[in-house]
Amino acid sequence: GESVGLHLPTLSVQEGDNSIINCAYSNSASDYFIWYKQESGKGPQFIIDIRSNMDKRQGQRVTVLLNKTVKHLSLQIAATQPGDSAVYFCAVLYGQNFVFGPGTRLSVLP
Amino acid sequence: DGGITQSPKYLFRKEGQNVTLSCEQNLNHDAMYWYRQDPGQGLRLIYYSQIVNDFQKGDIAEGYSVSREKKESFPLTVTSAQKNPTAFYLCASSTQGRTEAFFGQGTRLTVV
């Protein structure tokens, strides 16, 4: 079956530094890889996705890297801000179903 | 505004009672999902539906039931058979060919 895991359950970074959140997946037969952000008491919100035939995609202050050889996905946040404090989930899309990882809680220190 | 709405936000249930969580979307999405979220465990799929009048069990369907009589609505019933129902429940919807799932604000269910 499919499984998605994260390397660290929590991550603390200084405001202004870059953040890197990592994720591993088990099944290579996936179409898309997605990152979500969940603020306290709210539902997750889409951040960025990357298709399986790509290895890098950039958005506004975020970059997603995909390494299919080692089945690893990462989210990089540039110049981390207090508003970035949240739980970040990676998800893998298999057909029309999303399989989520356990999440990394990012704390931004002043 | 288009979106997905869950109600209520907080729900308390006595042991042995069934309770139904509401999920409505006006995004014209075909697919709808119910997830359960427990601390440190991410989101686990309970049920999903890709079309009206059809739904499939997810990874943790035992003790739950759903219906999909209308495209816009996908209610989840937590039955008395669910042994540990206290959790945060999230409903989501998506459309074929899109990677973005839209989530509701969640319902926090507590058994008292």
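Atom set for the values below is all heavy atoms of this structure, side chains included, hydrogens, waters and symmetry mates excluded. Letters A, B, ... mirror the listed sequences (proteins, then strands); counts begin at 1.
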Find out whether [X] and [Y] are in side-chain contact, i.e. whether some heavy atom of one side chain is under 4.5 Å from a heavy atom of the other.
X       : Y      : value
F103(B) : Y36(A) : yes
F100(A) : Q37(B) : no
E100(B) : I48(A) : no

Check: Which heavy atom in T99(B) sits nearest to a heavy atom in I34(A), and how many Å separate them?
Finding: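 Smallest heavy-atom distance, with atoms named: O-CD1, 3.6 Å.
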Report, as yes or no, whether the 6.0 Å neighbourhood of atom [atom1] on [X] holds more than 12 heavy atoms from other residues, nucleotides or ligands.
X       : atom1 : value
R61(A)  : CZ    : yes
E62(B)  : CD    : no
R13(B)  : CZ    : yes
L109(A) : CG    : yes

Membership question, hydrophobic clusters at under 4.5 Å side-chain separation (ILVMFWY): are [Y] and [X] in the same one?
X       : Y       : value
Y89(B)  : F12(B)  : no
I47(A)  : L65(A)  : no
V52(B)  : L76(B)  : no
V111(B) : V78(B)  : no
I20(A)  : V108(A) : no

Check: Counting heavy-atom pairs under 4.5 Å to chain B, which of P44(A), G43(A), G41(A) comes out on top?
Finding: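 If we count pairs closer than 4.5 Å to chain B, P44(A) comes out on top.
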Margin query: Does any backbone or side-chain atom of F33(A) lie under 4.5 Å from a heavy atom of chain B? Answer side chain, backbone, both or neither.
Written below: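 Neither; nothing under 4.5 Å.
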Notebook entry, point to check: Which atoms of Q45(A) come close to chain B, meaning under 4.5 Å heavy atom to heavy atom: side chain ones, backbone ones, both, or neither?
Noted result: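 No part of it gets close to chain B.
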Next item on the list: Report the C-alpha separation of V99(A) and R44(B) in whole Å, then their side-chain angles, then the decisive distance to 0.1 Å, and conclude whether the side chain to side chain contact (heavy atoms under 4.5 Å, CB included) test is met.
Entry: CA-CA 8 Å; V99(A) 178; R44(B) 293 184 290 168; over 6 Å; no
Next item on the list: Pick one of side chain, backbone, both or neither for L90(B), based on which atoms fall under 4.5 Å of a heavy atom in chain A.
Entry: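 It is the side chain, since no backbone atom gets that close.
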Notebook entry, point to check: Using non-hydrogen atoms only, which part of A101(B) is less than 4.5 Å away from chain A: side chain, backbone, both, or neither?
Noted result: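 Contact with chain A: backbone and side chain both.
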Note to self: So, taking the atom named CD in Q38(A) and the one named CZ in F88(B), what distance separates them when rounded to the nearest 0.5 Å?
What the structure shows: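 Output value for this atom pair is 6.0 Å.
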Notebook entry, point to check: Would the F98(A) and Y35(B) ring centres measure less than 6.0 Å apart?
Noted result: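 No; Y35(B) has its ring centre 6.0 Å or more from that of F98(A).
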Next item on the list: May I ask you to name which of G106(B), S94(B), G104(B) has the most heavy-atom pairs under 4.5 Å with chain A?
Entry: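 Option with the top pair count is S94(B).
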